[in-house]
Structure formats: C-alpha cells, structure tokens
Q: 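Pasting in a structure now, in structure tokens, and then I'll have a few things to ask.
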Amino acid sequence: MPGRLVLLFMDVRRTTRLLGCLTSAAALAASLLATAATDARAVDPEPVVVQQDFTTADGVALRTTLTSQGPVEARPTVVEFSPYGNNSQTFSFGPDYNYLLVQIRGTGSSRGSFDALGPRTQRDVVEVLEWACAEPFSDGRLALAGFSASAIMLFNSWHQELPCVEAAVTRSGTHELYRDLLVPGGIQNLLPGAGVLGLIGAPLVLQGADRVTDPQSVLDAFSGMFSTGVNAGLAHPSLDAWWQERGWRGDANDIPVLLIDGFFDVESRGAFEAYRALRDDGAHLLLAGAHDGYPAGTDGGVAEAKAWLDHHVLGVDNGVETHPRVQLLMSQGDRIDYLRGDVLRRDAADWPVPGTEWVPLNLASDRSLSLTRPAQTSTQRYATVPSIPTMTDVPNAAIVGAAGLDLLTGQLPLLNQDTLAGLTGLTYTTGSLGSDVDLAGPLSFEVPLSTTTPGSGIWVVLSDVAPDGSSHPLTVGRLSTSYPGVAESKSLKDDQGTIVQPYGDYTNQQPAKPLQVRDYKVELWPVGNRFEAGHRIRLTIVGTSLASPLSLPALHSIRVGGPDGARLLVPVLPGSDLPAALGG
C-alpha cells in the first residue's frame, strides 16, 4: 500500500505539471517577477508567513496566508483571491507591503463549494476586505492584485463596494467569462476551461490532508467542481443569467487600476474592455504580455506595477500617474520574433487609440483583399474541416506556446503559420505594402453566409505575410452560425456610425436554416502589429479549432463582391496610410 500511495502521488504531481504547462498563471507570474524578487531577497529579512482561517457570514472557513517581510506589523496590505491553493500568489511589491493570499471557497484548503466565481464567492471578497482592513496587520490601506482567475474574481466583484481599497493591479482576466474565454462567439473553448479546472482540482488533491477530519468539505469541494464543469460546459450554452452573474456588472468604486495584458493572450479581450469600463476612475492599460509571455529585454510590467501601488497606496511622488494612459508593445510581423524582443512601442491617450481609422478591405473572387468592392457578385465555398490550433487558434496557441510549445514550433515553423491551414479553407490577401502600416484595435468581419449544417462555426484568422511567403497568425474571430444578432447599443462604432467591434447577442440561439443566407458580423479580438513594407495582410476562413468541440461537417458559402459582399474592417493607427500603402 505505501508503494501504491507513492505512485499515486507521483501521478498527481505529473498531472499537475502537465496542466501547469497549459495555463499556469502563477508559474508565469513568478518568471515575470524573478529578477525583482532575487534583488529583494538579497536585502530583505526572512518573510514571516501566518496561515489562518476567515469565517464568512454563512459559516464557511476560507484559508488565508499572510506574508510579511520581517515582524508582522500594520502595513498597507495587498490582497489576492486565488483558486490555485497554497503559494499561488502572482505579484510581489516589496517589503513595504504585507501580502494576503485568500484561497477561494471550495478550492485549495478553503471549505465550501466552488461556484465558478459566482455571487456567493463575490460576496466573500467584500467580507474578507472588511475583515482584513481592521486586522492588526493592516494600516487600513488595502490594494488588490490578480492574474488570470484572480483578476476575473475582481472584475466579477466590481459592482460591490470594495472597502479600504486604494488601488489595484491586474494582469489578464476576463471582463465577461462567457464572451472573453470559455464560449467566445458562442463557440465553446475547451482548452482553457479544462486546464483551469485541472489546476483548481490539483491543489484539492495535494492539500487533501487539510480535509481528512472533515468529510463534508471533501464532498462540498468536489461537488462544486463537478457542477461548475456541467454548468459551464453543458447546461448554459447561451449567455444567460448564470453567465451574466460571472461577468462585469458595473462599477461601484473609484479605484485606480493598472491593467496589464498582451495582444496574444488567451484573455486579451478582457483587459481592453475592463479599461474602457474603468478609465473614468483613472485606469491605465499596459500591453506588455501575460500568459502569452513577454518580450525579451522587458520586464512584463513589473516596474510599472510597483510604481502604480507605490504612488496610489504609499503616496510616493514617482510620476506614474502622468505616464501614457495606454502603452502598447506591438509585434512586427510574428509572435515568436515579438517574444525575442522585436517590438514596436506606441503610446496613446485612450483605447481605441484616438484617430484610428477602420479601413474596409473587400474580399474578391480572385482571393484578394482590395480597397475597392468588386462590382460582380460571386459565391465561394469551403468545408468546415477542424483546423489545427497552432495554425489558427492564436490565443490558445500562445498560452500553450509560452509553456513550452514554442520550442517545438521554433524547429517546425510551419506549425504556427496559417499556410497549410488555408489549404482547407479560403484565403484572401492584399498586395505587397509600399510602406509600413500599423494596425491596433478590434476588427469586424462582415459576411453574408449560408451553411448546410445548423450550429456550425465561422472561424477567421488575420495574418501577416512576409516577403518569403510565410504567414504568421495575429488574431482570430469566432462566431457560431446560431448567433447572427448584434447588440448595436453595446457595439463600438467609428465616426461614421459603422460597427467596428460588434457586440454579439448570445442570449438566444437562432439556428440557421440549411442554405439560408444570413448576414453575420464576426468580432476579431484586438490586433497590435506593424505590417512592414513588402508584407501583405491576409484573412483566412477555416473550420473551428480542434480546441473547440467537434461538430458535424458543414459546407459554408459566402458572398463576395457586389453591394453587400464580405469585407474586413481593419484599425489603422494615426500616422499610417493603408490606402496609400496599397497604391490607392
């Protein structure tokens, strides 16, 4: 029996490491902070760590861990809510702060039932902050920090008054859990969902000794995990009340927030939308990397994050509030080169960048993307064959790539290009650009389309095509054919009133009738890339990623040319002239 227990423990450890390669926010955050932490350890005293349970109003014990440099005394305290168990804190701001890690109910060593960051867990946030503010380790000034799931926890709770909080720093995280991560475009995204559940489940097993004397807590924890999987994966395919309780529901606070993310991140849409919701409170947006990795020669926003709290919590006059509201680290053709340090820095006063012009590129029967709309209407067809994620699923490819897959694709670069993927779909490409063109912002793909199979998916990829013909995916758009509706009042429009970021209506399915042509507006998540002179812009239409559920094959027909043919609206930054670069 002891030998079997050792083997079981080893299997759990292997499983945990594998899941960590998929989506371990804590591990990546630790790497971002490694340099700063090493320097700090050289001079700081040994940290004091104190674990205790906080009991919520409904009688559930939440495990908290206070970390203090030197003796525990009243200091500003950074609070993070995490579902990933012991030692899952993702930020470090130096010895001037205490750090309180709170394990979310039903996870790690906390009792209760996990509710997928829903209403009861959101109430826990308020109760913990009220308690922490009055504890001897706090001087009454709290700050919030969160990466990925712990950032989602904060965004979900912002409609409540969060006591004693002076400022916050978040990295990644969803603004709406349904729309930004788990069911984007009404299409289930299995990879991050499975990875997150695995990462939450692993600490439940590894910290199981805490529950030996409390069998009911074991039942509560695993029933919460099971119900979350069922609810998120099966019971709620549309954006209903269950999902709406797990997304942004308003701002009841006046808290300055620094939002950090990357253009290739698996949750990138969330940071952009959260910034737009919080900018009146003084929010800043820094695109410096998250799950997707960060460029060599940069610190991933570590220094900016520390300066943010030092100013807003400690009152340090360091000028961080005068930094550009929006700081963009953009790629120049390829994510891998971006990670190697090939970045373009652009600053702006807001997001979307003021002065951005959305230029329409029309799809043509000769597979070109053109400034002019072809006069003649034609129909083009493709089969919805499942596509290889490394080639077409930019957000998921980036998160797995940052955890090790990039080593493989570095040896086999065709794996992260869309050249092969285009063989099973349709590709449309501009001519060579005569000058550099910077694109940054969300995109909209407008397409009249019919399908043979209700419930199929529209999947489009924007790529940068280098002069050697290699094609590098930059961002993706997804939409189930069951959701043709758009909420105009929530959609982003340009100065002419054209929808440039459609806000899809996923509240009710409207399955397409076979061969019925309907107009669709597909939201592509924001791109941030310089298309250099000699490069080309490409749109690829393929079947949904293998990271989504397999479905019955479908034949899609799209209309190109004529007065209502398919077109792509691309965000051109001030200083760039796409029509001129294309000889227009």
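Model, not experiment: these values are computed from the prediction. Numbering starts at 1 and runs along the sequence shown.
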Q: Report yes or no: does R246 contribute a side-chain atom to a donor-acceptor pair with the main-chain N or O of W242 at less than 3.5 Å?
A: yes
Q: Take atom CG of D495 as the centre, draw a 6.0 Å sphere, and report whether it contains more than 12 heavy atoms from other residues, nucleotides or ligands.
A: no
Q: Any donor and acceptor pair, going by atom type alone, linking the side chain of D494 with main-chain N or O of T498 inside 3.5 Å?
A: yes
Q: Using a distance-only test with no angle check, is there a side-chain donor-acceptor pair under 3.5 angstrom linking R538 and S463?
A: no
Q: Would you please indicate yes or no on a ring centroid separation below 6.0 angstrom for W243 and H236?
A: no
Q: Using side-chain heavy atoms (C-beta onward) and a distance below 4.5 Å, is V527 in contact with L462?
A: yes
Q: Strictly by modelled atom types, are R536 and S432 linked by a side-chain donor-acceptor pair under 3.5 Å?
A: no
Q: Report the relative orientation of the aromatic rings in Y506 and Y178; use parallel for angles under 30°, tilted for 30 to 60°, perpendicular for over 60°.
A: tilted
Q: With a 3.5 Å cut-off and no angle check, do the side chains of S172 and D265 form a donor-acceptor pair?
A: yes
Q: Going by side chain to side chain donor-acceptor pair (under 3.5 Å), name the residues that satisfy it together with D505, two or more places apart in sequence or in a different chain.
A: T507
Q: Are the side chain of S548 and the backbone of I187 linked by a donor-acceptor contact shorter than 3.5 Å?
A: no
Q: Passes side chain to side chain contact (heavy atoms under 4.5 Å, CB included), W351 versus L328? Steps please.
A: CA-CA 10 Å; W351 179 267; L328 309 177; 4.1 Å; yes
Q: Please report whether the ring centroid of F147 lies less than 6.0 Å from that of H291.
A: yes
Q: When you check the side-chain N and O atoms of E446 and Y520, is any donor under 3.5 Å from an acceptor?
A: no
Q: Looking at T392 and I388, would you say the former's side chain and the latter's main chain have a donor-acceptor pair under 3.5 Å?
A: yes
Q: With H535, which residues qualify under ring pair (Phe, Tyr, Trp, His ring centres under 6.0 Å), at least two apart?
A: none
Q: By the salt bridge (charged side-chain N to carboxylate O under 4.0 Å, His left out) test, which pairs, at least two apart or in different chains, include something from residues 513-527?
A: R269-E523
Q: Can I get a per-line list of side-chain donor-acceptor pairs under 3.5 Å for residues 570-584, giving both atom names and the distance, sequence neighbours left out?
A:
from	atom 1	to	atom 2	distance (Å)
S576	OG	D438	N	2.9
D577	OD1	A580	N	3.0

Q: Quick one about D393 and S545 (side-chain donor to acceptor, distance below 3.5 Å, no hydrogens or angles considered), yes or no?
A: yes
Q: Could you check whether T384 and H556, counting side-chain N and O atoms only, form a donor-acceptor pair closer than 3.5 Å?
A: no
Q: Indicate yes or no for a side-chain donor-acceptor contact from D436 to the backbone of A533 under 3.5 Å, with no hydrogens or angles considered.
A: yes
Q: Centroid separation under 6.0 Å, is that true for the rings of H175 and F155?
A: no
Q: Hey, mind stepping through Y483 and Q510 against side-chain hydrogen bond (donor to acceptor under 3.5 Å, both in side chains) and telling me if it holds?
A: CA-CA 6 Å; Y483 298 106; Q510 303 176 49; over 6 Å; no
Q: So, S368 and S370: side-chain donor and acceptor under 3.5 Å apart, yes or no?
A: no
Q: So V385 and V542, do their side chains get closer than 4.5 Å, heavy atoms only?
A: no
Q: Whether the Y275 and D350 side chains hold a donor-acceptor pair (N or O, under 3.5 Å, no angle test) is what I'd like checked.
A: yes
Q: With a 3.5 Å distance limit and no angle check, can you tell me whether N156 reaches the backbone of L154 through a side-chain donor-acceptor pair?
A: no
Q: Backbone N or O of V517 within a donor-acceptor pair of the R559 side chain at under 3.5 Å?
A: no
Q: Whether the H472 and S470 side chains hold a donor-acceptor pair (N or O, under 3.5 Å, no angle test) is what I'd like checked.
A: yes
Q: Among residues at least two apart in sequence or on other chains, which ones pass side chain to side chain donor-acceptor pair (under 3.5 Å) with D280?
A: none
Q: Determine whether the side chains of D347 and Q327 contain a donor N or O and an acceptor N or O closer than 3.5 Å.
A: no
Q: I'd like to know whether R179 forms a salt bridge (charged side-chain N to carboxylate O under 4.0 Å, His left out) with E273, so could you lay out the CA-CA distance, the side-chain angles of the two residues, the decisive distance to 0.1 Å, and finally the verdict.
A: CA-CA 11 Å; R179 191 180 300 267; E273 298 308 302; over 6 Å; no
Q: Only distances under 3.5 Å count here; give the side-chain donor-acceptor pairs of residues 252-264 to other protein atoms, sequence neighbours excluded, each with its distance to 0.1 Å.
A:
from	atom 1	to	atom 2	distance (Å)
N253	OD1	L162	N	2.8
N253	ND2	W158	O	3.0
N253	ND2	Q160	O	2.9

